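In this text, all values refer to a predicted model and were calculated from it rather than measured experimentally.
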Amino acid sequence: MKELFSLRTVRKKILMLSKLAGLALIFSYILSTGLPVSEDASFLLWLGFVLLLVLGIDCFMGRFITKPIDKLNASAKRMAGLDFSVPCDIASADEFGDLSASLNTMAENLQQALARLEDANTQLERDVEKERLLLADRKELVDSLSHEMKTPLGIIRAYAEGLQDETDEAKKQKYTQTIVSEAERMNDLIVTLLDLSALESGAASLNISRFDFVELVETVAGRLLIDAPDTNFELQYDLPEQKIFVRTDRRRMEQVLDNLIVNAKKNISPGGVLRIEVTAKDRMLYFSVFNQGRPIPENELSKIWAKFYRDNRVEYSGSGLGLSIVAQILSMQNLPYGAENQTDGVRFYFSVPIAK
């Protein structure tokens, strides 16, 4: 009951205000017509009350709607210019407050990312050869990061500006949800980029353990494919019935499987086949995932493992870092991996030594 009458959303605030305004108009009209004055005087009194009511509503809308939108718009403009020094200070318990908190979290993560990258640069500058390599990598990272940030930041700014003049509540909700979604996309991009940077720089070490690889594949595939509500493909799999143990980093190998299966699911043709295979031969375990769909151009096969690579024929989606993380994790362990075009799709694969 308390939640029903709470004003935690902008929609509820506006609906409550409209209802109160309607009641006030009715009450004022009844009161003015009942006064012992002439009809003209009664009308003038009621008109004066209506003007005061309009001014009051305008003041309320300015304080609880327009002012937060202006602050969000100003914050989005600063972030579009990569200025994260001033946080958005909206503390209301509604969508504007949630959006403000998301923007501040994103800004904090970006500041931490830039600070860590700067610390790494300072460390690498002690060696002349490392400094030369660092400058080349840093330019590539900044160019790629700037390019990746422009789209979500542009969307955030456009939708924040759209909120200023939009009166339709459904569209306002949609705009707000889009801004939050893009903020979360940027946050995921930074977290993933930090993880990849830690792997590349050696700051992240592997936690080697012995585990059943078949069970791990079943767990990851079940979570990503079998329980997916938007399934529009045929799942095929060929897994050994017996346990097969390997000795590697379980969490990182789960990350590898996540990225390869998600990549296959994202690029499969509607109604196509997604096939997962695990085989064992000569003390080696072989994993592969095949998705039926368009092949990768042969001149692009060597580029798919690079940071921020995306197929230009596919609509903007994801961070472009998934396959880079796969390549880095497998390379750190000297595990063979690759991708190849087949008759009607693409197959990704890698192999791991079987543990005794």
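- Side chain of R347 to main chain of G338: no donor-acceptor pair is present (N/O by atom type, distance under 3.5 Å, no hydrogens or angles).
- Under the 4.5 Å side-chain heavy-atom criterion for ILVMFWY residues, no single connected hydrophobic cluster contains both F290 and I304.
- D238 has no carboxylate O lying under 4.0 Å from a charged side-chain N of R275, or vice versa, which leaves the two without a salt bridge.
- The main-chain N or O of L285 is never found under 3.5 Å from a side-chain atom of S351 such that the two would form a donor-acceptor pair.
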Exercise for the section: Mind running side chain to side chain contact (heavy atoms under 4.5 Å, CB included) on E340 and I296 for me, showing each step along the way? Expected result: CA-CA 8 Å; E340 62 180 8; I296 301 173; over 6 Å; no
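- Remark: Y237 OH is loosely packed, at most 12 non-hydrogen atoms of other residues, nucleotides or ligands lying under 6.0 Å away.
- Closest of all the heavy-atom pairs between L335 and P353 is CD2-CD, 3.7 Å.
- The structure places OH of Y286 at 13.5 Å from CD of E277, a figure rounded to the nearest 0.5 Å.
- Put simply, the side chain of F213 does not reach to within 4.5 Å of the side chain of E218, judged on heavy atoms.
- Of the inter-residue distances, the one linking N259 atom CG with E254 atom CD reads 11.0 Å to the nearest 0.5 angstrom.
- Annotation: side chain of R252 is not in contact with side chain of V326 (no heavy-atom distance under 4.5 Å).
- Distance check: N263 CG to K266 NZ gives 6.0 Å after rounding to the nearest 0.5 Å.
- Although no hydrogens or angles enter the test, the distance criterion places a donor-acceptor pair under 3.5 Å between the side chain of Q333 and the main chain of I329.
- One finds the CG atom of L260 at 6.5 Å from the CG atom of L323 (value rounded to the nearest 0.5 Å).
- Under a 3.5 Å cut-off, the side chain of S288 and the backbone N or O of F348 do not form any donor-acceptor pair.
- Side-chain contact between I276 and F287 is present, with at least one heavy-atom pair separated by less than 4.5 Å.
- In this structure, CG in L216 is found 5.0 Å from CZ in R250, a value given to the nearest 0.5 Å.
- Screening V273, N291, V346 for a side-chain contact (heavy atoms from CB on, under 4.5 Å) with I268, the sole residue that qualifies is N291.
- Each of R210, R283, R247 was compared with K356 under the side-chain contact (heavy atoms from CB on, under 4.5 Å) criterion, and only R283 meets it.
- For the pair W305/Y337, a side-chain contact is recorded, criterion being any heavy-atom separation below 4.5 Å from C-beta on.
- Expressed to the nearest 0.5 Å, how far CD1 of I325 lies from CG of L330 amounts to 11.5 Å.
- Side-chain contact check for K265 versus L274: some heavy-atom pair is nearer than 4.5 Å.
- Using a 4.5 Å cut-off between side-chain heavy atoms of Ile, Leu, Val, Met, Phe, Trp and Tyr, with links allowed through other members, V214 and F245 fall into different hydrophobic clusters.
- Here the shortest heavy-atom pairing between G293 and S269 reads CA-OG, 3.0 Å.
- Exactly one of V262, L235, V220 qualifies for a side-chain contact (heavy atoms from CB on, under 4.5 Å) with L225. That residue is L235.
- Between the side chain of D282 and the backbone N or O of M284 there is no donor-acceptor pair closer than 3.5 Å.
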